[in-house]
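Please read the structure below before turning to the comments.
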Amino acid sequence: MSKRITALIADERGNIFDEPTAEGAGRVGNKIVKLKPEDLIKLPDSADLMYLPARSALGFRRGEIVHLQGRAVSAILPQGYTRTHLPAFESTLNAPPLPLYGYTAVVLYKDELHAAALYTDENHKWNPAHYNTRDLPKRIRRVKRDLPDNRIVAQVAKCSLKWHCLTAQNLFYGRWECGVPTSPTCNANCLGCISLQAAECCPSPQSRITFKPTVEEIADVGIYHLTHADEGIISFGQGCEGEPSLMAETICAAVKKIRSATNRGQININTNAGFTDGIKRLVDAGLDSMRVSIISADAANYQRYYRAGYTLDNVKASIRYALAGGVHVSLNMLYMPGFNDRAAELAAWKAFLTELPTQMIQVRNLNYDPDEFFKVMPPDDNFIGTKEFLRELEASFPNLTIGNFSHYLGIRN
């Protein structure tokens with residue numbers, strides 16, 4: 001069994017091989033580094049391998065970075081894992097942006113595939129074995145009979161079968177967190193938006209809804225799911241929509257109708273929290289939990305990514321109001337090695353969390369081309385590494401949960 005860490009390459013057909021003459025490399029920010037055993041975990045069973053078109057693999061020979069005769073290879077990790085290093089590659093001239101995936105360094109070590117990552121959250125509910133079962137189409141037909149002519153049901157059925165969205169499928173499995181898309185519009189223009197991208201950029205992996213659901217459509221889905229589902233959650237703010245708080249008037253009326261019918265389960269919103277008036281109305285209507293998409297606690301860097309019609313101060317005001325209203329607040333931290341773990345970013349996060357003691361951070365691998373990302377963010381090689389970044393947050397905020405998933409809170413019975 002070889003204990004060397006060797007690079008992987010792909011040929012023109014996408015076949016993947018190890019390159020035994022080159023040591024495996026990873027990338028943090030714009031820096032190429034040699035991977036060490038402590039950086040690696042065995043590649044999870046449900047991970048995927050992907051070769052990177054128009055990008056040559058990099059490795060090390062005798063301590064020097066070298067170009068390898070093959071395309072770069074990346075791992076795409078399942079939820080519950082946080083990458084620590086990006087793949088090491090160099091793009092060819094005029095290479096198109098990569099599709100929106102979370103690219104992770106992958107190598108051969110001890111004769112097995114290993115990824116540069118951490119296991120950061122355990123949740124059996126997100127195990128792929130629970131989804132895309134053979135009876136899913138039958139389950140979809142049954143819910144469509146129970147809730148006829150409901151456009152939300154039709155949308156999440158498409159999301160379930162075409163894009164294999166897990167929260168969409170949970171409506172039909174009658175369990176856990178169920179996505180309820182509501183908003184065709186947004187107040188931000190995120191670099192890595194997964195439902196709307198400029199035509200000249202990388203294609204979005206799913207399409208945004210084109211309609212505004214009625215109060216009745218939202219309430220009918222909410223009552224149906226929360227009444228029957230085990231540990232049921234309904235979540236506004238899905239990958240197939242814009243910003244749900246822009247639909248606050250309709251959602252608030254639906255929430256009141258839902259709660260007049262059932263006190264079971266949890267009502268959640270996934271939001272950028274930039275529309276504070278809308279968030280306030282939703283909190284007052286009976287919101288239980290809120291997950292806020294955020295990439296940086298530095299106002300300038302935040303705006304570089306979100307390119308929003310609001311500011312980070314608006315986000316803070318929304319979080320402050322939600323916490324005061326007893327809402328459980330999680331931060332959905334979009335994570336890119338070499339950015340979030342910068343010393344300046346860590347200092348900003350410590351100030352943010354001291355001011356706004358949210359209950360949880362959900363670390364999410366940012367699905368975006370690293371080259372495109374670091375063209376936008378100012379260069380800064382003063383980073384401490386993902387492991388140390390997370391350790392610092394845990395040590396500074398012992399009541400803060402760091403994971404990857406929205407957890408059922410057991411708020412209502």
Side-chain angles (χ1 to χ4, degrees), residues 26-31 47-48 50 52 55 72 74-89 91 97-106 115-118 120-121 186 188-198 201-206 237-239 270-273 291-298 300-308 312 315 330-342 344-346 348-349 361-380 383-387 389-390 393 402-406:
R27 171 179 172 183
V28 182
N30 285 320
K31 187 175 181 180
D48 292 316
M50 179 182 294
L52 306 184
R55 286 152 178 88
S74 171
I76 308 298
L77 300 174
Q79 295 191 63
Y81 294 86
T82 298
R83 65 185 172 190
T84 60
H85 294 73
L86 304 161
F89 63 82
S91 299
L98 291 168
L100 298 176
Y101 293 104
Y103 300 98
T104 303
V106 59
L118 302 170
T120 39
D121 204 349
C186 196
N189 182 26
C190 301
L191 289 177
C193 180
I194 61 173
S195 67
L196 187 65
Q197 286 287 332
C201 182
C202 40
S204 302
Q206 58 199 81
Q238 301 303 303
N270 302 316
T271 174
N272 59 42
R291 189 181 75 187
V292 180
S293 172
I294 190 166
I295 195 167
S296 175
D298 174 87
N301 285 339
Y302 179 95
Q303 193 62 28
R304 287 185 179 96
Y305 179 82
Y306 286 92
R307 302 180 296 186
L312 184 58
V315 177
S330 298
L331 301 179
N332 192 51
M333 182 189 287
L334 307 177
Y335 195 82
M336 181 70 78
F339 173 71
N340 308 73
D341 55 333
R342 293 174 176 179
E345 286 289 318
L346 176 61
W349 278 115
I361 287 179
Q362 297 179 36
V363 185
R364 294 295 179 94
N365 299 316
L366 177 61
N367 295 340
Y368 203 65
D369 184 326
D371 281 348
E372 297 299 313
F373 180 83
F374 288 108
K375 285 178 186 176
V376 174
M377 293 302 173
D380 182 349
F383 48 80
I384 62 174
T386 300
K387 287 183 180 180
F389 172 74
L390 296 178
L393 290 181
I402 296 178
N404 299 92
F405 306 104
S406 293

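Quantities reported herein were computed from a predicted structural model and do not represent experimental measurements.
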In the structure I gave you, are the side-chain heavy atoms of L100 and C193 within less than 4.5 Å of one another anywhere?
no
How about V315 and V292: do any of their side-chain heavy atoms sit closer than 4.5 Å?
yes
Testing the basics here: between S74 and L52, what is the closest heavy-atom pair and its distance to 0.1 Å?
CB-CD2, 4.0 Å
Taking side chain to side chain contact (heavy atoms under 4.5 Å, CB included) as the definition, give me every residue that meets it alongside T104, ordered by chain and number, with sequence neighbours left out.
A75, L77, R83, A115
F374: which residues meet the ring-ring contact (aromatic ring centres under 6.0 Å, His included) condition with it, sequence neighbours left out?
none
Could you walk me through whether T120 and I402 satisfy the side chain to side chain contact (heavy atoms under 4.5 Å, CB included) test, starting with their C-alpha distance in whole Å, then the side-chain angles of each, then the deciding distance to 0.1 Å, before giving a yes or no?
CA-CA 8 Å; T120 39; I402 296 178; 5.7 Å; no
Can you name the closest pair of heavy atoms from L331 and W349 and give their distance?
CD1-CZ3, 3.8 Å
For the pair D121 (side chain) and G80 (backbone), establish whether a donor and an acceptor sit closer than 3.5 Å, ignoring hydrogens and angles.
no
Between F89 and R27, is there a side-chain heavy-atom distance shorter than 4.5 Å?
yes
Closer than 4.0 angstrom, basic N to acidic O: yes or no for R55 and D369?
yes
Take F339 and N301 through the side chain to side chain contact (heavy atoms under 4.5 Å, CB included) test and state the conclusion after the steps.
CA-CA 10 Å; F339 173 71; N301 285 339; 3.8 Å; yes
Apply side chain to side chain contact (heavy atoms under 4.5 Å, CB included) to residues L346 and I384 and explain how you reach the verdict.
CA-CA 9 Å; L346 176 61; I384 62 174; 3.6 Å; yes
Closest heavy-atom pair and its distance - H85, V28
CD2-CG2, 3.4 Å
Working to the nearest 0.5 Å, report the span between CG of D371 and CG of L98.
7.5 Å
Taking side chain to side chain contact (heavy atoms under 4.5 Å, CB included) as the definition, give me every residue that meets it alongside P78, ordered by chain and number, with sequence neighbours left out.
P44, S46, A47, Y81
Measure from the side-chain N and O atoms of R307 to the backbone N and O of A188, and report whether any donor-acceptor pair falls under 3.5 Å.
no
Pairwise distance CE(M377) to CG(L191) - rounded to 0.5 angstrom
6.5 Å
Report yes if some heavy atom in the side chain of P337 is under 4.5 Å from a heavy atom in the side chain of L86; otherwise report no.
yes
About how many Å separate CG of N332 and CD of Q362, when rounded to the nearest 0.5 Å?
5.5 Å
Taking N340 for the side chain and G338 for the main chain, is one N or O donor matched with an acceptor at less than 3.5 Å?
no
Is the shortest side-chain heavy-atom distance between Q79 and N404 below 4.5 Å?
no
Hey, does I294 have a side-chain heavy atom less than 4.5 Å from the side chain of Y302?
yes
Could you check whether any side-chain N or O of T82 sits under 3.5 Å from a backbone N or O of L118, counting only pairs where one atom can act as donor and the other as acceptor?
no
So does S293 get a backbone contact from the side chain of R291, meaning a donor-acceptor N/O pair under 3.5 Å?
no
What one should report as the nearest heavy-atom pair of Y306 and I295 is OH-N, 3.5 Å
Ignoring hydrogens and angles, tell me if any N or O in the side chain of N367 forms a donor-acceptor pair with the backbone of G102 under 3.5 Å.
yes
Quick one: are L312 and S296 in side-chain contact, heavy atoms under 4.5 Å?
no
Heavy-atom nearest pair, M336 first then L366, reads CE-CD2, 3.9 Å
Determine whether more than 12 heavy atoms belonging to other residues, nucleotides or ligands lie under 6.0 Å from atom NZ of K31.
no
Kindly assign one of parallel, tilted or perpendicular to the pair Y305 and F373, based on the angle between their ring planes and the thresholds 30° and 60°.
tilted
Which heavy-atom pair separates T271 from A273 by the least distance, and what is that distance?
OG1-N, 2.7 Å
